[in-house]
Amino acid sequence: MEDKKESSLLYILTGATSGLLADSIMHPIDTVRARVQIEKVGKSQYKGTFNGVNHILKNEGVSYLYKGFPIVATATVPAHALYFLGYEYSKQWVTNRYGKKWGDSTITHFSAGFVADALGSLIWVPMDIIKQRLQVQTNTQKLNPNQTYYKGSFHAGKVILQEEGIRGLYRGFWPALATYGPFVGIYFSVYEKCKSTISSLLSKEKDEYLPIPYQLGSGFFAGAFAAAVTCPLDVIKTRIQVQRTTEKQIYSGMWDSFKTILKEEGPKAFVKGMGARIWWIAPGNALTIASYEQLKYLFKDLI
């Protein structure tokens, strides 16, 4: 029983630390992703990820690239702790119940990833609502000049609670789970497959320590692949979440959003922001998983 407690503390501390590190570095790219995805096809002011970064720097300043970051820094610690705890314990549960062969299977990695995201989403969804509304406020304020202006992360959270209630903070929870559940499942399935393939090529045991470059490469490839595959779902989720319940509702749900976007903008709309999404997620996931694996390896005998 004692080992179990030590293991859970290890997952919590290393997961929280690695998540905060990655989010701190990659937040500006996420700001561009959010802005690109809410733009209508044919009405884009950003020509790509790096053009978006330059445009914001030139016209608004560096602080606007970090809009919504205080709530991210606050929420990402407990969210990543739950996320990695859920993933590791789900794998352990399957291994203990059905054996190592099932514990190391792709279906288990996918399912454990889905569980991890479901736990993390309890914190990530309210964080995303606040973060994304701040990130796109410059754009939405032009369309709705009378909307309440958010002065910062915690002011935004207070206003959303006052104007929309607790449901406002969990707006788009199911679209978020439908987006990131499969994303995390795909990510961990590909990542674990990359790890096992590299271990075989290096004549190492599957659970044996891998040097940082291999961890970074596996995390980057898995993140890029999963980000590209789930981009259409992310476009739908983002459009739903940046809507305010105090304003006219363009999208009433995932299926309605899909039909409306397809009808008004065509299939191209579903890959909007894919470049920014990949450049935000792939390096971020690589940093998160590599730092998580390193910290877990360094502190496994101490915690």
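Not measured: the values here are computed from a predicted model. Numbering starts at 1 and runs along the sequence shown. What you see below is based on every heavy atom in this structure, not just the backbone, and it leaves out hydrogens, waters and symmetry mates.
Between K237 and S257, the closest side-chain pair of non-hydrogen atoms is not below 4.5 Å. Residues Y251 and I261 are in side-chain contact: their nearest non-hydrogen atoms beyond the backbone lie under 4.5 Å apart. For the pair Y46 and I56, the minimum side-chain heavy-atom distance is below 4.5 Å. Residues C194 and V190 form a side-chain contact, since some pair of their non-hydrogen atoms from C-beta on lies under 4.5 Å apart. No side-chain heavy atom of Y64 sits less than 4.5 Å from a side-chain heavy atom of T31. Counting heavy atoms from C-beta on, the side chains of I198 and K204 never come closer than 4.5 Å. Between M26 and P283, some side-chain heavy-atom pair lies under the 4.5 Å cut-off. F270 has its side chain within reach of L262: a pair of non-hydrogen atoms, C-beta onward, lies under 4.5 Å apart.
One finds a salt bridge joining R35 and E60 here, because a Lys/Arg side-chain nitrogen approaches an Asp/Glu carboxylate oxygen to under 4.0 Å. Ion pairing between a basic and an acidic side chain is recognised when a charged N comes within 4.0 Å of a carboxylate O; E88 and K300 show no such pairing.
K67 pairs by the salt bridge (Lys or Arg N to Asp or Glu O under 4.0 Å) definition with nothing, not counting sequence neighbours. Considering only residues two or more places apart in sequence or on other chains, Y66 meets the side-chain contact (heavy atoms from CB on, under 4.5 Å) condition with H27, P28, F69. Among residues two or more places apart in sequence or in another chain, the ring-ring contact (aromatic ring centres under 6.0 Å, His included) test is passed with Y297 by Y209. Looking at residues two or more places apart in sequence or on another chain, you find a side-chain hydrogen bond (donor to acceptor under 3.5 Å, both in side chains) between K91 and E192. Residues forming a side-chain contact (heavy atoms from CB on, under 4.5 Å) with S153 (at least two apart in sequence, or on another chain): P70, I71, I130, L134. When the side-chain contact (heavy atoms from CB on, under 4.5 Å) test is applied to S90, the partners found at least two apart in sequence or on another chain are A112, V115. The side-chain hydrogen bond (donor to acceptor under 3.5 Å, both in side chains) search around S24 returns none, not counting sequence neighbours.
Residues in residues 273-285 take part in these salt bridge (Lys or Arg N to Asp or Glu O under 4.0 Å) pairs, two or more places apart or across chains: D234-R277. For residues 100-118, the pairs satisfying salt bridge (Lys or Arg N to Asp or Glu O under 4.0 Å) are K100-D104, K100-D207, with sequence neighbours left out. Applying the salt bridge (Lys or Arg N to Asp or Glu O under 4.0 Å) test to pairs two or more places apart or on separate chains, those with a residue in residues 155-165 are R133-E164. Under the ring pair (Phe, Tyr, Trp, His ring centres under 6.0 Å) criterion, the residue pairs touching residues 106-127 are H80-W124, Y83-W124, with sequence neighbours excluded.
The main-chain N or O of A34 is never found under 3.5 Å from a side-chain atom of Q132 such that the two would form a donor-acceptor pair. Using a distance-only test at 3.5 Å, with no hydrogens or angles considered, no donor-acceptor pair links the side chain of Q135 to the main chain of G68. Side-chain N or O atoms of T108 include one that pairs as donor or acceptor with a backbone N or O of W102 at under 3.5 Å. Side-chain N or O atoms of S18 include one that pairs as donor or acceptor with a backbone N or O of G15 at under 3.5 Å. A donor-acceptor contact shorter than 3.5 Å links the side chain of Q137 to the backbone of Y150.
Closest non-hydrogen pair, M274 versus A228, comes out as CE-O, 3.5 Å.
Checked options V242, I240, V235; the residue passing with T238 is V242 (criterion: side-chain contact (heavy atoms from CB on, under 4.5 Å)).
Ring pair Y191/Y187 is parallel by interplanar angle, where below 30° counts as parallel and above 60° as perpendicular.
Heavy-atom contacts from other residues, nucleotides or ligands closer than 6.0 Å to CD of E208 number more than 12.
Distance OH/Y180 to OG1/T230: 7.5 Å, rounded to 0.5 Å. Here the straight-line distance linking atom OG1 of T17 with atom NZ of K296 works out to 14.0 Å at 0.5 Å rounding.
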Using the rule given for salt bridge (charged side-chain N to carboxylate O under 4.0 Å, His left out), can you reason through D256 versus K259, listing the C-alpha separation, both sets of side-chain angles and the distance that settles it, and then say yes or no?
CA-CA 5 Å; D256 177 69; K259 291 189 296 181; 5.3 Å; no

Expected list for residues 211-221: side-chain donor-acceptor pairs under 3.5 angstrom, two or more places apart:
from : atom 1 : to   : atom 2 : distance (Å)
Q215 : OE1    : Q294 : NE2    : 3.0
Q215 : NE2    : L210 : O      : 2.9
S218 : OG     : Y214 : O      : 2.9

